[in-house]
Amino acid sequence: MDQDPKSWPAMAGYCLLLFLCLCQSWPTVNCQHTWQEAFKALGISYNPDGTLNRQIQIPMVNATPSVDPTMPTPVALSSDVRISALSKAFVRLYRPVNPPANTKLPLIIYLHGGDFVLYSASTVIFHDFCNNIAAQFPAVIVSVEYRLAPENRLPAAYDDALNAIFWVQSQAIGYFGRHPWFQYADFSRVFLLGSSAGANIVYHTALRVLDFNLQPLRIRGVLLNQAFFGGIQSTPSELRLVDDPYVPLYVCDVLWQLALPTYANKDHEFCNPLTGGSYLGRVPRLPKFFVKGDEGDPLVDRSKQLVQLLQSYRVPVVSQFNQGGYHGIELSNTTAAQQLYTAMKNFVYSTGLTEDENSQASM
């Protein structure tokens, strides 16, 4: 991910031809743009072996597993933990610097954004996001490092999220020991949280885990922040904000072609949950949802459609759609970030609790 930029290889001509052909079956206004434009906007290019060269401008940071007296006190502590001896899979754990005494904290499994193609659990914007949640809720956070597309197309990221949940379950049971920070976690109050592509991953993972016995874990709720979904037919918000500076529609189209299975179009269930597919019958069994979107985000109508789908199956939903805003606003606007933290905290600390616990959470 940190390789030096490389020139556009010869295979880009083939990719552009493929894109133009696919545009015939994806009737959007985005065919006026090229793959080269999208790749330039994303800061990526193809390597000769077909992998991506990612010219990441956002730095990655190390975990902070302890307080260094020579440095400012961190917002929260964090630690990288390998979860498989057979792969490079890892998670970054977070906990408050000073956890409350004699209190178990909710456990939040987090999937970061990046359009399935970019970034890492260690990217500073997502690291800071988890730091703030761990400190402010407070909570124990498990931030999942998942494989990126197109080297690993969907459902690889869903598999990685599911494996991370199984690892958390093994920690709860105590197989092969337990990371000491899990002493602060309440395994009966687990939440899945994702932003953008991470919200897409969380949604599909929440459906997948329904077929497994996760005891003693209990997933109480699912939180989706500006979920990254799509579809062949453009929504009114996508058309209204077609040239959005953050997620223009032509860039989204290319991202989906990089992330989806090679045979799939944007009405595949991984992209468009409204089209049915293998998961739809599981929707009524989902736990309570928190869905947040912003009217200035081209993807906002996709979240509204999902809310309608969930409600049609009587899944409890708390939804919040803010005026204005833009995709990823909480990563650069401290006021919007604080509003999101507060809304998510209220959801987490009120979901699945008794009346007495609800009263204490609101104090």
TODO: Consider only side-chain N and O atoms of His327 and Ser196, and report whether a donor and an acceptor are under 3.5 Å apart.
DONE: yes
- [ ] Kindly work out whether a path of hydrophobic side-chain contacts (I/L/V/M/F/W/Y, heavy atoms less than 4.5 Å apart) joins Tyr313 to Val307.
- [x] yes
- [ ] Report the residue from Ile165, Asp160, Asn200, Val222 that forms a side-chain contact (heavy atoms from CB on, under 4.5 Å) with Thr205.
- [x] Ile165
Open item on the list: Ring centroids only, cut at 6.0 angstrom: are Phe182 and Phe187 within range, meaning strictly under it?
Closed with: yes
Open item on the list: Please verify the inter-ring angle class for His127 with Tyr94; under 30° counts as parallel, over 60° as perpendicular, anything in between as tilted.
Closed with: tilted
Task: Same cluster (ILVMFWY, side-chain, under 4.5 Å), Tyr246 and Val251 - done: no
Open item on the list: Can you confirm whether Trp181 sits close enough to Val142 that some side-chain heavy atom of one is under 4.5 Å from a side-chain heavy atom of the other?
Closed with: no
- [ ] Without swapping roles, check the side chain of Gln171 against the backbone of His179 for a donor-acceptor pair under 3.5 Å.
- [x] yes
Open item on the list: When you compare the side chains of Ser303 and Gln226, does any donor N or O come within less than 3.5 Å of an acceptor on the partner?
Closed with: no
TODO: Would you give the length of the straight line joining atom CG of Leu192 to atom CZ of Phe289, rounded to the nearest 0.5 angstrom?
DONE: 8.5 Å
TODO: Verify, without hydrogens or angle tests, whether Gln311 (side chain) and Pro316 (backbone) share a donor-acceptor contact under 3.5 angstrom.
DONE: no
- [ ] Report yes if the side chains of Cys130 and Arg92 come closer than 4.5 Å at any heavy-atom pair, otherwise no.
- [x] no
TODO: Take atom CZ of Arg218 as the centre, draw a 6.0 Å sphere, and report whether it contains more than 12 heavy atoms from other residues, nucleotides or ligands.
DONE: no
Task: Under 3.5 Å: donor-acceptor pair, side chain of Ser237, backbone of Pro298 - done: yes
Open item on the list: Let me confirm one number: the CZ-CD1 distance from Phe228 to Ile201, rounded to the nearest 0.5 Å.
Closed with: 11.0 Å
Name each donor-acceptor pair under 3.5 Å that joins a side chain in residues 98-117 to protein atoms two or more places apart or in another chain, with its distance.
from	atom 1	to	atom 2	distance (Å)
Thr103	OG1	Ala101	O	3.1
Lys104	NZ	Gln183	O	2.4
His112	ND1	Tyr146	OH	3.4

TODO: Quick one: pull up CZ in Arg153 and CZ in Arg147 and give me the separation to the nearest 0.5 Å.
DONE: 14.0 Å
Open item on the list: To the nearest 0.5 Å, what is the distance between CG on Asn131 and CD on Gln136?
Closed with: 11.0 Å
- [ ] State, with a plain yes or no, whether a side-chain heavy atom of Val81 is found less than 4.5 Å away from one of Phe90.
- [x] no
TODO: Please answer whether the main-chain N or O of Leu274 pairs with a side-chain N or O of Gln305 as donor and acceptor at a distance below 3.5 Å.
DONE: no
Open item on the list: If we count only N and O atoms by modelled type, under 3.5 Å, do the side chains of Asn322 and Glu295 hold a donor and an acceptor together?
Closed with: no
TODO: With the side chain counted from C-beta on, respond yes when Leu249 and Leu241 share a heavy-atom pair under 4.5 Å apart, and no when they do not.
DONE: no
Open item on the list: Please check: side-chain N/O of Asp297 versus main-chain N/O of Val300, any donor-acceptor pairing under 3.5 Å?
Closed with: no
Open item on the list: Donor-acceptor pair, distance only, cut-off 3.5 Å: does the side chain of Asn47 make one with the backbone of Leu52?
Closed with: yes
Task: Side chain Thr235, main chain Glu238, donor-acceptor under 3.5 Å - done: yes
Open item on the list: Checking the side chain of Arg95 only, and the main-chain atoms of Tyr184 only, is there a donor and an acceptor separated by less than 3.5 Å?
Closed with: no
TODO: Spell out, as yes or no, whether a donor-acceptor pair under 3.5 Å connects the side chain of Arg189 to the backbone of Arg220.
DONE: no
Task: Within-4.5 Å side-chain heavy-atom neighbours: Pro273 and Leu306 - done: yes
- [ ] Determine, stepwise, if the pair Asp294 / Lys292 fulfils salt bridge (charged side-chain N to carboxylate O under 4.0 Å, His left out).
- [x] CA-CA 7 Å; Asp294 292 88; Lys292 181 261 186 182; 2.5 Å; yes
TODO: Let me see the working for His33 and Tyr250 under ring-ring contact (aromatic ring centres under 6.0 Å, His included), right down to the final yes or no.
DONE: CA-CA 7 Å; His33 295 280; Tyr250 77 95; 3.8 Å; yes
Task: Side-chain touch Tyr119/Leu148, heavy atoms, less than 4.5 angstrom - done: no
TODO: Kindly indicate whether the side chain of His204, heavy atoms from C-beta on, has any atom under 4.5 Å from the side chain of Pro155.
DONE: no
Open item on the list: So does Leu93 get a backbone contact from the side chain of Ser78, meaning a donor-acceptor N/O pair under 3.5 Å?
Closed with: no
Task: Atom of Val97, atom of Pro74 and distance for their closest heavy-atom approach - done: CG2-O, 3.3 Å
Task: CG-OG1 distance between Asp68 and Thr70, expressed to the nearest 0.5 angstrom - done: 3.0 Å
- [ ] Mind checking the CG-OG1 spacing from Leu118 to Thr123? Nearest 0.5 Å is all I need.
- [x] 9.0 Å
- [ ] For residues Leu210 and Leu286, determine if any side-chain heavy atom of one lies less than 4.5 Å from a side-chain heavy atom of the other.
- [x] yes
- [ ] Check the pair Glu151, Arg54 against salt bridge (charged side-chain N to carboxylate O under 4.0 Å, His left out), reporting the backbone distance first and the verdict last.
- [x] CA-CA 12 Å; Glu151 295 89 343; Arg54 297 169 173 87; 2.8 Å; yes
Task: Ala157 versus Leu154, closest heavy-atom pair with distance - done: CB-CD2, 4.0 Å
Task: More than 12 heavy atoms of other groups within 6.0 Å of Gln338 CD - done: yes
Task: Residue pair Tyr341 / Asn132, side-chain donor-acceptor N/O under 3.5 Å - done: yes
Open item on the list: Tell me which one of Asp211, Val315, Leu207 satisfies side-chain contact (heavy atoms from CB on, under 4.5 Å) with Arg285.
Closed with: Asp211
